[in-house]
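What follows is one structure encoded as structure tokens, with my remarks underneath.
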Amino acid sequence: MTTVAFLGTGTMGAPMVRNLAAAGFDLRVWNRTRSRAEPLAETGAVIVDSPAEAARGADVLVTMLLDADSTLSAGREAAAALNTGGVWAQMGTIGLPGTEAVCAAAAEIGGVTVVDAPVLGTKLPAEKGELVVLAAGAPQVREVVAPLFDAIGSRTQWVGEDPSQAGGSRLKLVANNWVLTLTNAVGESIALAEDLGVDPSEFLAAIKGTATDSAYAHMKGAAIISGEFPPAFTLSAAAKDAGLVSQAASAGVRLDLAEAVRARFARALTAGHADEDMAAVYYASKP
């Protein structure tokens, strides 16, 4: 039985732990706020007080934390306690410099192999074990992490062998740019409908079944129309990711939409919607 140290039990991490437990992994789980991790004890996971305690004797380390700083802080401590030859699967969205820093930290520790493996999906796909894992890692470690990835995801897309090149994270930022832009497009279109005296539901009905239809538009549109935003992915996390997209782009490309998206998330944050679902970026269209 593979022993997994899992760090981070937020919106995404908690259901990932549940699916790993259901698949039979031996789990040691840490979260900065312990009380948020304690309900996972019912799955058989052992809740611990430090990253090092989670990783002591573990074969695989999974980090699913909010940003690069928290990932490096907790991950470095845990990686140093892993079994010799352990694997560090970095699955959060931490951007390119963050991924490079994780690889450098693992190299400094020695004996730890990194897999760059951020995931596509939000709370519901995480609960269903239907995330898409975008992974870059050496061929010899793929068989080690494959059962773990299979337990949390519907498929794994391998996009490189050298995690320091951040192939998974690069693809994740491209996919996030698309999702964040689409979220803003839905919110802005509904705000425009309201401004023009059009029932927003008629907008969703009009695109239904056309080439421009999107199940995502109906899902986020329904949340906006209802005015209820239980977080599948928080607006604050989306704003962080929008910043990572802008940070990653080189001078050779203009991301006009991405910059507008980033500004809209910032306005919605200022308006007090940080802990709501990212569909609340709709409020960025309000004066």
Side-chain angles (χ1 to χ4, degrees), residues 1-10 12-21 23-31 45 51-52 54-68 70-96 98-107 109 111-121 126 129 131-172:
M1 182 182 296
T2 300
T3 300
V4 177
F6 197 104
L7 311 185
T9 60
M12 300 290 289
M16 291 167 70
V17 167
R18 292 186 182 278
N19 285 325
L20 288 170
F25 287 91
D26 178 18
L27 287 159
R28 300 175 189 174
V29 177
W30 173 86
N31 193 66
R56 197 167 294 122
D59 308 297
V60 178
L61 165 65
V62 176
T63 47
M64 192 64 188
L65 297 157
L66 178 62
D67 54 27
S70 57
T71 298
L72 280 168
S73 175
R76 184 183 283 112
E77 178 186 338
L82 276 176
N83 282 343
T84 301
V87 177
W88 182 351
Q90 201 309 103
M91 307 194 75
T93 303
I94 61 173
L96 305 187
T99 303
E100 292 165 3
V102 163
C103 291
I109 292 166
V112 176
T113 303
V114 173
V115 179
D116 171 37
V119 296
L120 286 182
L131 297 169
V132 176
V133 182
L134 307 176
Q140 62 267 28
V141 300
R142 294 186 184 186
E143 65 181 28
V144 175
V145 295
L148 185 151
F149 292 169
D150 288 345
I152 64 171
S154 59
R155 61 186 174 91
T156 298
Q157 185 170 336
W158 288 97
V159 292
E161 297 185 359
D162 183 355
S164 69
Q165 296 301 307
S169 288
R170 290 174 189 273
L171 181 54
K172 176 64 189 297

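The first residue in the sequence is number 1, and the count goes up from there. What you see is a predicted model, and the numbers here were worked out from it, not measured in a lab.
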Side chains of D59 and T2: any donor to acceptor distance under 3.5 Å?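 Short answer, no.
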Rounded to the nearest 0.5 Å, what separation is found between the [atom1] atom of [X] and the [atom2] atom of [Y]?
X: S169; Y: Q90; atom1: OG; atom2: CD; result: 6.5 Å
X: R18; Y: I152; atom1: CZ; atom2: CD1; result: 15.5 Å
X: D150; Y: N19; atom1: CG; atom2: CG; result: 12.0 Å
X: R155; Y: L134; atom1: CZ; atom2: CG; result: 8.0 Å
X: M91; Y: L148; atom1: CE; atom2: CG; result: 6.5 Å

For W88, run the side-chain hydrogen bond (donor to acceptor under 3.5 Å, both in side chains) check against T63, T113, D116 and tell me which one passes.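 Of all the options given, the one that passes is T63.
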Among V29, V62, L61, which residue meets the side-chain contact (heavy atoms from CB on, under 4.5 Å) test with L7?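 It is L61; the other options fail the test.
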Taking side-chain contact (heavy atoms from CB on, under 4.5 Å) as the criterion, tell me which of L65, L66, T93, T99 meets it with T71.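 One option only clears the test, and that one is L65.
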If only atom types and distance count, is the side chain of S70 paired as donor or acceptor with the main-chain N or O of D67 below 3.5 Å?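 Confirmed, S70 side chain pairs with D67 backbone.
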If only atom types and distance count, is the side chain of R170 paired as donor or acceptor with the main-chain N or O of Q165 below 3.5 Å?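 Here the side-chain-to-backbone pair exists.
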For side chain to side chain contact (heavy atoms under 4.5 Å, CB included), just list the numbers for M64 and V119, CA-CA rounded to whole Å, side-chain angles, deciding distance to a tenth of an Å, and then say yes or no. CA-CA 10 Å; M64 192 64 188; V119 296; 3.8 Å; yes
Nearest heavy atoms of [X] and [Y], plus distance in Å:
X: P118; Y: K172; result: CG-CB, 3.8 Å
X: L82; Y: V87; result: CD1-O, 4.0 Å
X: A74; Y: P51; result: O-CB, 3.4 Å
X: A78; Y: A55; result: O-CB, 3.0 Å
X: A136; Y: P163; result: O-CB, 3.8 Å
X: G98; Y: A68; result: CA-CB, 3.8 Å

Within a 6.0 Å radius of atom CD on E143, are there more than 12 heavy atoms belonging to other residues, nucleotides or ligands?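 No, because the 6.0 Å sphere around CD of E143 holds 12 heavy atoms or fewer from other groups.
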Applying side-chain hydrogen bond (donor to acceptor under 3.5 Å, both in side chains), can you list everything that pairs with T156, at least two apart in sequence or on another chain?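 For T156, no residue satisfies side-chain hydrogen bond (donor to acceptor under 3.5 Å, both in side chains) once neighbours in sequence are set aside.
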Report the C-alpha separation of Q157 and L120 in whole Å, then their side-chain angles, then the decisive distance to 0.1 Å, and conclude whether the side chain to side chain contact (heavy atoms under 4.5 Å, CB included) test is met. CA-CA 11 Å; Q157 185 170 336; L120 286 182; over 6 Å; no
